[in-house]
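One structure is given below, encoded as structure tokens.
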Amino acid sequence: MITFVFDTPEENSKFTYLYEAYGKYIYCTFKRLRLDDYTIQDLSHDVYIILAHHINDIDIKNHKATQNYIITIAKHYGLNFLRRQKHSREDLVDEIPSAYHDKFDDTPLEKLLQKEQLEMLFTAVHELDWIYRSVLELKYVNNMKNGEIASVLKIKKKTVEMRLYRANILLRSKLKESDYE
């Protein structure tokens, strides 16, 4: 569960109620947009932050209006995410940087195998969602620290850490599928 600090106990209990009663609506809204579970979880946290900022605008006594309000926020947030992802032309790596080729002093066969492994890695990274590719690129290509990445992407440091963790899990899975490991 997300932890927020509210001004009054009423706001806190209202938020807890929204979290417990309407979480399934947020999940289903994002699922209809065909997002993966990790992305849904990240975006859901963002929706809860939006709800927390607008907690006083929500009338929990009117279930239908509250449900429509939350679904609308989730839907628009998800569509905006997909729009940003689609328009993002930042690919992690279009080709293998030449700096990697200089590091290999092995036989031609070993160089070829290492190049193929790097290509498989970059292909797997390229197939990840934008939110995971962006943190990987900033971390490993631009050598940025998690706090700097959070500042650039305007997200929390903990979100950066979670996205890096999930990106690594997804990469391992993709590489296992291609018999890389």
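Because only heavy atoms are used, hydrogens play no part in the values below, and waters and symmetry mates are left out as well, while side chains stay in. Computed from a predicted model, the values in this text were never measured in an experiment.
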List the atom pairs, donor and acceptor, that lie under 3.5 Å between side-chain atoms in residues 23-35 and the rest of the protein, sequence neighbours left out.
from, atom 1, to, atom 2, distance (Å)
Tyr27, OH, Asp37, OD1, 3.1
Thr29, OG1, Tyr25, O, 2.7
Lys31, NZ, Asp37, OD1, 3.2

### Query
Which of parallel (below 30°), tilted (30 to 60°) and perpendicular (above 60°) describes Tyr38 and Tyr132?
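Perpendicular: the ring planes of Tyr38 and Tyr132 meet at over 60°.
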### Task
Give the C-alpha distance, both sets of side-chain angles, the deciding distance and a yes or no for side chain to side chain contact (heavy atoms under 4.5 Å, CB included) between Leu128 and Lys174.
CA-CA 9 Å; Leu128 294 175; Lys174 287 183 181 295; 3.8 Å; yes
### Counterpart residues, salt bridge (charged side-chain N to carboxylate O under 4.0 Å, His left out), relative to Asp129 (two or more places apart)
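Per chain and number, Asp129 pairs via salt bridge (charged side-chain N to carboxylate O under 4.0 Å, His left out) with no residue.
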### Task
Determine whether more than 12 heavy atoms belonging to other residues, nucleotides or ligands lie under 6.0 Å from atom NZ of Lys139.
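Counting other residues, nucleotides and ligands, NZ of Lys139 exceeds 12 neighbours.
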### Query
Are a donor atom and an acceptor atom from the side chains of Asp42 and Thr39 found within less than 3.5 Å of each other?
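The answer is no; no qualifying pair exists.
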### Task
Indicate the atoms forming the closest heavy-atom contact of Ala150 with Lys156, along with that distance.
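Looking at all heavy atoms of both residues, the shortest contact is CB-C, 3.8 Å.
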### Message
Looking at every non-hydrogen atom in both residues, tell me the closest pair between Leu175 and Ala124 and how far apart they are.
### Response
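Looking at all heavy atoms of both residues, the shortest contact is CD2-CB, 4.0 Å.
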Nearest-0.5 Å distance that lies between atom [atom1] in [X] and atom [atom2] in [Y]:
{"X": "His45", "Y": "Ile50", "atom1": "NE2", "atom2": "CD1", "value": "13.0 Å"}
{"X": "Arg133", "Y": "Leu136", "atom1": "CZ", "atom2": "CG", "value": "10.0 Å"}
{"X": "Lys157", "Y": "Thr159", "atom1": "NZ", "atom2": "OG1", "value": "12.0 Å"}
{"X": "Ser134", "Y": "Arg163", "atom1": "OG", "atom2": "CZ", "value": "6.5 Å"}
{"X": "Ile131", "Y": "Met162", "atom1": "CD1", "atom2": "CE", "value": "11.5 Å"}
{"X": "Asp7", "Y": "Asn12", "atom1": "CG", "atom2": "CG", "value": "11.0 Å"}

### Task
Output yes when a side-chain donor or acceptor of Glu20 lies under 3.5 Å from a complementary backbone atom of Tyr17, and no otherwise.
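It does not hold such a pair.
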#### Entry: Side-chain (Lys14) to main-chain (Ile55) donor-acceptor, under 3.5 angstrom
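Side chain of Lys14 to backbone of Ile55: a pair is present.
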### Message
I'd like to know whether Glu148 forms a side chain to side chain contact (heavy atoms under 4.5 Å, CB included) with Val152, so could you lay out the CA-CA distance, the side-chain angles of the two residues, the decisive distance to 0.1 Å, and finally the verdict.
### Response
CA-CA 6 Å; Glu148 295 170 323; Val152 167; 5.5 Å; no
Would you list the atom pairs, donor with acceptor, under 3.5 Å between side chains in residues 64-74 and any protein atom, with sequence neighbours excluded?
from, atom 1, to, atom 2, distance (Å)
Thr66, OG1, Asp59, O, 2.6
Thr66, OG1, Asn62, O, 2.9
Gln67, OE1, His63, NE2, 3.1
Asn68, ND2, Lys64, O, 3.3
Thr72, OG1, Asn68, O, 2.6

### Query
For Asp46 and Phe81, what are the C-alpha separation, side-chain angles and deciding distance, and is it a side chain to side chain contact (heavy atoms under 4.5 Å, CB included)?
CA-CA 11 Å; Asp46 294 343; Phe81 168 78; over 6 Å; no
